[in-house]
Amino acid sequence: MRTNSIRTAFTVLAAAALAAVMGTASAAPSSPHPVKHRETTPVLVDCLWHPDVRPAEFILACGDGNSRLTSLHWSHWNQHSAVAQGVNMVNDCKPYCAAGKFHSYPVVVVLDQPQQWKKQPQLQHYARMTLVYTHDHPDGYAHKVSYPLWN
């Protein structure tokens, strides 16, 4: 009698497991639908390797912080480029950087050349930043300056 109870319990469990597997298999689509490739919006990668979209601030001189972008207001950010207006705060380093003073320069920031980010391949990142000074510019800088961005 005990053998029949064990056999019955085993049969019920096996049937339940088979039903669960069959139910899962039958719930799956018989033919996979093609997955649409969705373009991701590129990110801006900061000095600490953090991806960001539309940051309000960005450090340009990662080693010493003597050049940074502040008060960034982005007019657009898409798969091809991003544009913002803001201020470039630059240390004049006179007589040396620790004793220098920061000066503010209005600037238009343009990000472009999106490419796959090597550190996180599922993300695109902007690979170039261009600064266009709208009034004065720091000594030794051109009116328009482009920088390659790390990847």
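Residues: numbered from 1 along the sequence shown. Note: hydrogens, waters and symmetry copies are ignored here, and every other heavy atom, side chains too, is used.
The side-chain heavy atoms of N88 and R68, taken from C-beta on, include no pair separated by under 4.5 Å. L69 is listed as a side-chain neighbour of L60, based on a closest heavy-atom distance under 4.5 Å. At least one side-chain heavy atom of V109 sits less than 4.5 Å from a side-chain heavy atom of L131. Side-chain contact between S146 and R128 is present, with at least one heavy-atom pair separated by less than 4.5 Å. Residues P148 and Q113 fail the side-chain proximity criterion, which asks for heavy atoms closer than 4.5 Å. The shortest side-chain heavy-atom distance between P55 and L44 falls under the 4.5 Å cut-off.
In this structure, the separation between SG on C93 and CG on D139 is 11.5 Å, given to the nearest 0.5 Å. Within the model, atoms NE2 of H125 and NZ of K119 stand 12.5 Å from one another, a figure rounded to the nearest 0.5 Å. In this structure, the separation between NZ on K118 and CD on Q115 is 7.5 Å, given to the nearest 0.5 Å.
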Legend entry - Step-by-step side chain to side chain contact (heavy atoms under 4.5 Å, CB included) determination, V132 to H143: CA-CA 6 Å; V132 180; H143 170 72; 3.7 Å; yes
Inset, instruction - Tell me, with the steps shown, if L123 and V45 meet side chain to side chain contact (heavy atoms under 4.5 Å, CB included). - result: CA-CA 11 Å; L123 294 177; V45 179; over 6 Å; no
Legend entry - Trace of the side chain to side chain contact (heavy atoms under 4.5 Å, CB included) decision for L111 with V83: CA-CA 6 Å; L111 304 175; V83 177; over 6 Å; no
Inset, instruction - Report the C-alpha separation of V43 and D52 in whole Å, then their side-chain angles, then the decisive distance to 0.1 Å, and conclude whether the side chain to side chain contact (heavy atoms under 4.5 Å, CB included) test is met. - result: CA-CA 5 Å; V43 297; D52 204 352; over 6 Å; no
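Side-chain contact, N91 with S67: no donor N or O sits under 3.5 Å from an acceptor N or O. No side-chain N or O of Y126 forms a donor-acceptor pair with one of D112 less than 3.5 Å apart.
Between P106 and H135, the shortest heavy-atom distance links the atoms CG-CD2, 3.6 Å. When every heavy atom of W74 is checked against every heavy atom of A82, the shortest pair comes out as CZ3-CB, 3.9 Å. Contact detail for P114 and H80: the closest heavy-atom pair is CD-O, 3.6 Å. Contact detail for D46 and H50: the closest heavy-atom pair is OD1-N, 2.8 Å. For the residue pair N78 and P42, the shortest heavy atom distance occurs at O-CD, 3.3 Å. Closest approach of T70 to E57, counting heavy atoms only: CA-CG, 4.1 Å.
A donor-acceptor pair is defined here as one N or O able to donate and one able to accept, closer than 3.5 Å; such a pair exists between the side chain of D92 and the backbone of K101. No donor-acceptor distance shorter than 3.5 angstrom exists from the side chain of N66 to the backbone of V90, with no hydrogens or angles considered. Side chain of W77 to main chain of A84: no donor-acceptor pair is present (N/O by atom type, distance under 3.5 Å, no hydrogens or angles).
Below 30°, between 30° and 60°, or above 60°: for W49 and W117 the angle between ring planes is below 30°, a parallel geometry. Note: H137 and Y133 have tilted aromatic rings, judged against thresholds of 30 and 60 degrees for the angle between ring planes.
Placement of V145 and M89 in two distinct hydrophobic clusters is found when ILVMFWY residues are connected by side-chain heavy-atom separations under 4.5 Å, directly or transitively. Following chains of ILVMFWY side-chain contacts shorter than 4.5 Å, one can reach V107 starting from Y141, so the two form part of one hydrophobic cluster. Hydrophobic clustering (ILVMFWY, side-chain heavy atoms < 4.5 Å, transitive): V110 and Y147 are in distinct clusters.
Heavy-atom contacts from other residues, nucleotides or ligands closer than 6.0 Å to CD of Q85 number 12 or fewer.
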